[in-house]
Chemist: 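Can you read through this structure? Questions will come right after.
Indexing begins at 1, ligand by ligand and atom by atom, following the structure's order.
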Amino acid sequence: MSDGQPTHDEDFEEVLQYLKESRGFDFTGYKRTSLIRRVRHRMSQIGVDDYGDYIDQLQVNADEFSVLFNTILINVTAFFRDAEAWEYLREEVIPTLLAERGPDDPIRVWSAGCASGEEAYSLAIALAEAMGPERFRQQVKIYATDVDDEALTHARHASYVERDLQSLPPELAAKYFEQQNGRYSFRKDLRRSVIFGRNDLVQDAPISRIDLLVCRNTLMYFNQETQSKILGRFHFALMPKGVLFLGKAEMLLSHSRIFDPIDLKRRIFRKAASGMGTPAHFVSHAMVHDRRVDLRGIDELREHAFSASPVAQIVVTADDVVALINRQVENTFGLSAKDIGRPLRDVDISYRPVELRGYIEQARLERKSLRIKDVEWLRGPGEAMWFEVHVNPLVGLDNTILGVSVVFHDVTAARRLLEDLEHANRQLESAYEELQSTNEELETTNEELQSTVEELETTNEELQSTNEELETMNEELQSTNDELQTINEALRERTTELDRVNEFLESILTSLRAGVIVLDVQMRVLAWNRGAEELWGMRRDEAEGEHLLNLDIGLPVADLRPVVRSALSDGMFLEEVKLSAVNRRGREVLIRVVCSSLRANGGEPDGAILVMEQQED
Ligand SMILES: C[S@@+](CC[C@H](N)C(=O)[O-])C[C@H]1O[C@@H](n2cnc3c(N)ncnc32)[C@H](O)[C@@H]1O
């Protein structure tokens, strides 16, 4: 294999081919030794020994690819990993880089293979320390890319546990991270300058106009051929004098002339003044054999350099004949060697993806470079690419126009990143709006709650005062009750007394041998003693309450009416009458009746008393 490993196993290559065709992920450029070790490790975990069987597993089990993907891609990383190299970057490289740029120039940084983001945030810290947060926010953009979506999600959250921050000096940890619920979040105001996106270093176009490109501990997974290809793209991505910072174990560039070492030990390089002179790193052997013209020496080198450039380019002569096309133009726009020598107008690229002829004419006439932005090219169904096209007049030493070069810079990745960013921004905005409306709802609820609490408080007050009133009433009732009890007590005593008096009177009445009748002012019987019962044979309960004149007894009661009347009208009345009557035994008897008035204390008669005695013959 091209990474120098003797390992070549057709069956294993089939696994890689299967992954490329079914999942669009190309592992063929990875070093075989570690790749095979990792795939076998995964196979042994699920008890598969044969590559063919493993392809079957990948086909039937939809989740297997992502597990394998995680097994192959190693996401190990840390803040300021290899402290000494970072120290040098902070102390020497960044200050020089900033000094070379104008005070307001944008500073564009790319962390390629950023894993869970520690490297990108380390860059943010290093730059913010050098420039101050204000300038950092205004000028710096850090593009951080990886092929592993899970790692990118982690990186986007910018949230780490204490252990992750161990490699960070404590004062930087305190300054750049906010602690919340046991996690540490990178400062939000600086986080906005770090833009994460998916970029496959093997297949996707690079991000351009980069001042500082950091690709550490990632290149080492690729074989030499793929590394060369990626380095060619990095060369294109960097601005003139741009800096490339590789990992400690990445040795490749020791013999390169497209990058000059700033510090070889720490793997820090600067883009060489003329990259075009040394294309050896990205010209594949196949391409060398493909060349149509057998040029020698410098011309051959120049042609290879032109052809191998990762940027699509076409050159037309002063009279609009296609003079040069490179491999990238062939691959992207479908041109071929046959198109060289044809008038531009007969070649599709003259009007697709953009009408070029007008611009070429203008560049030639005005001798000025032109830039056409946002040019879209549909490479295949659903496969949109975006370009920034530069049209440059080529002027000879004698100031004559030699031709025009048209360069197609692939900005698809940057545009996608931008779209991702806009999308993320929109999501953020809508999340913010939702948050705001939730907040408003909460405020309303809060107000309602407050007013309910106030109402409850008022009700409580009212209840309290009602309670107080009730308590007062209760006290009053209690004292009334006490009074009533006293009255009751007095009444009871009185009743007992009355009962005694009554009994006394009763006993008097009963003890009298004579019959005694007591009448009220209406002449109704109030008392009827035993003597009266025995005399007239009528029981007390039969007599009491009856009108005197209605008593059916042997006494001619009607004869008593005048005396009773007199007794009822005269308080001093006392008179005796004798009447013939029939007693209870039916004997005719003579009855002596003494009628007297019943006087109350005031003197007015309350009734009359009749005392009756049978006269002996
Ligand atoms: C060991 S980590 C290096 C992280 C960081 N640069 C550092 O040095 O701490 C390697 C990273 O390279 C990423 N990677 C592997 N193949 C890649 C590819 N084809 N394109 C982009 N990134 C890739 C992996 O997903 C992983 O996150």
Chemist: Check each heavy atom of R216 against ligand 1 and say whether those closer than 4.0 Å belong to the side chain, the backbone, both or neither.
Modeler: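 The answer is both, backbone and side chain.
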Chemist: Is D420 salt-bridged to R198, going by a charged N under 4.0 Å from an acidic O?
Modeler: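 Salt bridge: no.
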Chemist: What protein heavy atom lies closest to atom 20 (N) of ligand 1? Include the residue and the distance to one decimal.
Modeler: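 Of every protein heavy atom, L201 N, 3.0 Å lies nearest to atom 20 (N) of ligand 1.
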Chemist: Of all the atoms in ligand 1, which lie at a distance below 4.0 Å from a heavy atom belonging to D200?
Modeler: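 Answer, ordered by atom number: 18 (C), 19 (N), 20 (N).
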Chemist: Between N392 and S369, is there a side-chain donor-acceptor contact under 3.5 Å, judged purely by atom types and distance?
Modeler: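 A pair is found: one side chain offers a donor N or O, the other an acceptor, under 3.5 Å apart.
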Chemist: Using 4.0 Å as the upper bound for N to carboxylate O, is an ion pair formed by R426 and E419?
Modeler: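 Salt bridge between E419 and R426, a charged N being under 4.0 Å from a carboxylate O: no.
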Chemist: Just to check, does V214 reach to within less than 4.0 Å of ligand 1 when the distance is taken from its heavy atoms?
Modeler: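 Distance cut 4.0 Å: V214 fails for ligand 1.
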Chemist: Taking the six-membered ring of Y51 as reference, does the cationic atom of R40 (NZ for Lys, CZ for Arg) lie under 6.0 Å from its centre and within 45° of its axis?
Modeler: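 Yes, R40 sits over the ring of Y51.
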Chemist: Which residue and non-hydrogen atom of the protein lie closest to atom 8 (O) of ligand 1, and at what distance in Å?
Modeler: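 The closest one turns out to be N217 ND2, 2.8 Å.
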Chemist: What is the closest protein heavy atom to atom 15 (C) of ligand 1, and at what distance does it sit?
Modeler: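 The answer is L73 CD2, 3.4 Å.
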Chemist: Is ligand 1 under 4.0 Å from a heavy atom in the side chain of F222, in the backbone, in both, or in neither?
Modeler: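 Answer for F222: side chain.
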Chemist: Do R266 and F245 form a cation-pi contact, if we require the NZ or CZ to be under 6.0 Å from the six-membered ring centre and within 45 degrees of the ring's axis?
Modeler: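 No cation-pi geometry.
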Chemist: Does any non-hydrogen side-chain atom of E119 lie less than 4.5 Å from one of R216?
Modeler: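 Of all side-chain heavy-atom pairs linking E119 with R216, at least one is under 4.5 Å.
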Chemist: Who's the nearest protein heavy-atom neighbour of atom 7 (C) of ligand 1, and how far?
Modeler: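 Closest protein heavy atom to atom 7 (C) of ligand 1: R81 NH1, 3.3 Å.
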Chemist: Would you mind listing which atoms of ligand 1 come within a distance below 4.0 Å of any non-hydrogen atom of T77?
Modeler: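 Reading through ligand 1 atom by atom, the close ones are 4 (C), 5 (C), 7 (C), 9 (O).
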Chemist: Backbone or side chain, does any N or O of F25 fall under 3.5 Å from an N or O of ligand 1?
Modeler: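 No: no nitrogen or oxygen of F25 is under 3.5 Å from one in ligand 1.
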Chemist: Is the closest basic N to carboxylate O distance between K175 and E129 below 4.0 Å?
Modeler: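 Salt bridge between K175 and E129, a charged N being under 4.0 Å from a carboxylate O: yes.
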Chemist: Can you tell me which residue and heavy atom of the protein come closest to atom 24 (C) of ligand 1, and the distance to 0.1 Å?
Modeler: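 Its nearest protein heavy-atom neighbour is D146 OD1, 3.5 Å.
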Chemist: Under 4.0 Å between a Lys/Arg side-chain N and an Asp/Glu carboxylate O for K265 and E84?
Modeler: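 Looking at E84 together with K265, the answer is yes, because their closest N to O distance falls below 4.0 Å.
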Chemist: As a test of understanding, state which of Y184, Y176, F79 forms a ring-ring contact (aromatic ring centres under 6.0 Å, His included) with Y160.
Modeler: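 Output: one option passes, namely F79.
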Chemist: I need the nearest protein heavy-atom contact for atom 21 (C) of ligand 1: residue, atom name and distance, please.
Modeler: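 Answer for atom 21 (C) of ligand 1: N199 O, 3.3 Å.
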Chemist: Specify side chain, backbone, both or neither for A115, according to which of its non-hydrogen atoms lie closer than 4.0 Å to ligand 1.
Modeler: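 Within the 4.0 Å criterion, A115 contacts ligand 1 through backbone and side-chain atoms alike.
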Chemist: Looking at Y359, I want to see if its OH is surrounded by more than 12 non-hydrogen atoms of other residues, nucleotides or ligands under 6.0 Å.
Modeler: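 Not buried by this count: 12 neighbours or fewer within 6.0 Å.
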Chemist: Counting non-hydrogen protein atoms only, what is the nearest one to atom 16 (N) of ligand 1? Give residue, atom name and distance.
Modeler: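 Looking only at protein heavy atoms, the one closest to atom 16 (N) of ligand 1 is Y30 OH, 2.6 Å.
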Chemist: In terms of residue, atom name and distance, what is the protein heavy atom nearest to atom 2 (S) of ligand 1?
Modeler: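 Closest protein heavy atom to atom 2 (S) of ligand 1: I74 O, 3.1 Å.
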